[in-house]
2 protein chains.
Amino acid sequence: MESKQAIQALGALAQESRLKIYRLLVEAGPQGMAAGDIGEKLGLPPATLSFHLAGLSRAGLAKGRQEGRFVIYSADFQNMDALVGYLTENCCGGQACAPAAKAQRRR
Amino acid sequence: MESKQAIQALGALAQESRLKIYRLLVEAGPQGMAAGDIGEKLGLPPATLSFHLAGLSRAGLAKGRQEGRFVIYSADFQNMDALVGYLTENCCGGQACAPAAKAQRRR
DNA sequence: TCCACATTTCCAATAATATGGAAACGTTAG
DNA sequence: CTAACGTTTCCATATTATTGGAAATGTGGA
């Protein structure tokens, strides 16, 4: 992952509505959720919701697929993994250390 | 972790200079790095650097300790862990699914 | 004490982002 | 074809973040 992508993804999540949307999508899993349902659940007007969904999509954290009259959004788990990896890259200069050991256990 | 904290942490990282600083600190490990060295390495003027370091500190991602005339900054690995946990909470509604299995392997 | 150095605070200009109403667009059912 | 529905685009407004020079603050050495 490159710096620009990471910044875009982090920026996308650094906003109340988008963070709520993302977490809702994580909870929904690969099955996803219709845009309208998200808006209703979070009390967001259509224009605002669309704006934020577009942000999450541009950041690669969510993607929408058309299904009939609905657009179903779901979280992109792969990209989140890449993001987390980017944030802990080269931890402690690659030497053995507490954080590195912890990161090791994670993988 | 609460929504507000997460947003602050994500927002702190969603900026080129701060992301660079944070990754530098991750690489430096618990030993940390003097503010001046960070500024020199990244080519940031003092005021700008201080502004960004304050942002990372407020977000709980870095902390500074006075050491002689220097202020040494280091990454807060614990808070980053909490943040990652927050982002993947209740994945797929707690049911077994691909992302959940992956997350399981991580812990 | 006084000076040199490291870092922070103050401040004003500039830039980027969020909000939501109204209108446009695409899709399906009748 | 037409109407109804879901979603997006357009747009103006409001809010928040970023930048860096200059001055203030803190710290240790001479």
Can you check whether [X] has a side-chain N or O nearer than 4.0 Å to OP1 or OP2 of [N]?
X: B:His52; N: D:dT19; result: yes
X: A:Tyr73; N: D:dG6; result: no
X: A:Gln15; N: C:dA16; result: no
X: A:Gln8; N: C:dT17; result: no

Does a salt bridge link A:Glu27 with A:Arg23, judged by any charged N lying under 4.0 Å from a carboxylate O?
no
Strictly distance-based, threshold 3.5 Å: is any side-chain N or O of [X] a donor or acceptor partner for the main-chain N or O of [Y]?
X: B:Glu67; Y: B:Phe70; result: no
X: A:Asn79; Y: A:Gly60; result: yes
X: B:Glu2; Y: B:Lys4; result: no

Answer with base, sugar-phosphate or nothing: what part of the nucleic acid does B:Ala47 contact at a heavy-atom distance below 4.0 Å?
base
May I ask you to say what A:Pro46 touches in the nucleic acid, namely base, sugar-phosphate or nothing, with a heavy-atom cut-off under 4.0 Å?
base
From [options], nucleotide with atom closest to [X] side chain:
X: B:Val71; options: D:dT7, C:dT8, C:dA6; result: C:dT8
X: A:Arg69; options: D:dG20, D:dA4, D:dT7; result: D:dA4
X: B:Arg18; options: D:dC5, D:dT18, C:dT8; result: D:dT18

Quick one: closest heavy-atom pair of A:Gly32 and A:Ser74, and the distance?
CA-CB, 3.8 Å
Check A:His52 against A:Arg18 and note the closest heavy-atom contact, atom names and distance.
ND1-NH1, 3.1 Å
Nearest-Å distance for atom pair [atom1]/[atom2], residues [X] and [N]:
X: B:Ile38; N: C:dA6; atom1: CD1; atom2: C1'; result: 13 Å
X: B:Leu44; N: D:dT18; atom1: CG; atom2: P; result: 13 Å
X: B:Ile72; N: C:dT8; atom1: CD1; atom2: P; result: 11 Å
X: A:Glu16; N: D:dT15; atom1: CD; atom2: P; result: 16 Å
X: B:Phe70; N: C:dT8; atom1: CZ; atom2: C1'; result: 16 Å
X: A:Leu42; N: C:dG20; atom1: CG; atom2: C1'; result: 16 Å
X: B:Arg65; N: D:dT27; atom1: CZ; atom2: C1'; result: 17 Å
X: B:Gln66; N: D:dG26; atom1: CD; atom2: C1'; result: 7 Å

Are B:Leu42 and A:Leu87 connected into the same hydrophobic cluster when the rule is that any two of I, L, V, M, F, W, Y join if their side-chain heavy atoms are below 4.5 Å apart?
yes
Result for 5'-nearest mapping on DNA chain C, choosing between A:Gly11 and B:Phe51, is B:Phe51
For B:Thr48 and A:Ala14, take the nucleotide of DNA chain C holding the closest heavy atom to each; which residue's nucleotide lies nearer the 5' end?
B:Thr48
With five pairs defining each end axis, the helix from C:dT1-D:dA30 to C:dG30-D:dC1 comes out bent, to 10°, by 30°
Could you list the cluster mates of B:Phe51? Members are the ILVMFWY residues connected by side-chain heavy atoms closer than 4.5 Å, either directly or through other members.
none
